[in-house]
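Before any comments, here is the structure.
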Amino acid sequence: MRQYVLVSHRERSVEVWTRDADGGWTSVTAREDDVAHLASLGAQLDVRELYEAAAEPGV
């Protein structure tokens, strides 16, 4: 495993944990107006869009 993502249910934030070459882990937190970069997948995750897509209808 090279990366994993934690999505908060308390606030609009996403933590991306990445393993470095030495086997250690570093984290970057992306908040509502940020984009999380998932280098291991070559993808980006817009935090605002994530939470809007996950919102319950009528909320």
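These numbers were taken from a predicted model, which means no experiment stands behind them.
Every residue meeting the side chain to side chain donor-acceptor pair (under 3.5 Å) condition with E11, not counting sequence neighbours, appears here in chain and number order: S13, R31. For R12, the salt bridge (Lys or Arg N to Asp or Glu O under 4.0 Å) partners at least two apart in sequence or on another chain are E32. Considering only residues two or more places apart in sequence or on other chains, T18 meets the side chain to side chain donor-acceptor pair (under 3.5 Å) condition with Q3. Residues meeting the side chain to side chain donor-acceptor pair (under 3.5 Å) test with T29, sequence neighbours left out: none. Considering only residues two or more places apart in sequence or on other chains, Q44 meets the side chain to side chain donor-acceptor pair (under 3.5 Å) condition with none of them. Residues satisfying the side-chain contact (heavy atoms from CB on, under 4.5 Å) test with A30, not counting sequence neighbours, are D34, A36, V47.
Other cluster members for V28: none, since no ILVMFWY side-chain heavy atom sits under 4.5 Å from it.
R19 CZ: more than 12 foreign heavy atoms inside a 6.0 Å radius.
For residues 35-56, there are no ring-ring contact (aromatic ring centres under 6.0 Å, His included) pairs, not counting sequence neighbours.
Note that the CH2 atom of W25 and the CH2 atom of W17 stand 9.0 Å from one another [nearest 0.5 Å]. One finds the OH atom of Y4 at 8.0 Å from the OG atom of S27 (value rounded to the nearest 0.5 Å).
V14 places none of its side-chain heavy atoms less than 4.5 Å from the side chain of L6.
Following chains of ILVMFWY side-chain contacts shorter than 4.5 Å, one can reach L41 starting from V16, so the two form part of one hydrophobic cluster.
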- Could you walk me through whether L50 and V7 pass the side-chain contact (heavy atoms from CB on, under 4.5 Å) check? CA-CA 9 Å; L50 171 70; V7 179; 3.9 Å; yes
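Side-chain atoms of D20 come within 3.5 Å of backbone N or O of D22 as a donor-acceptor pair.
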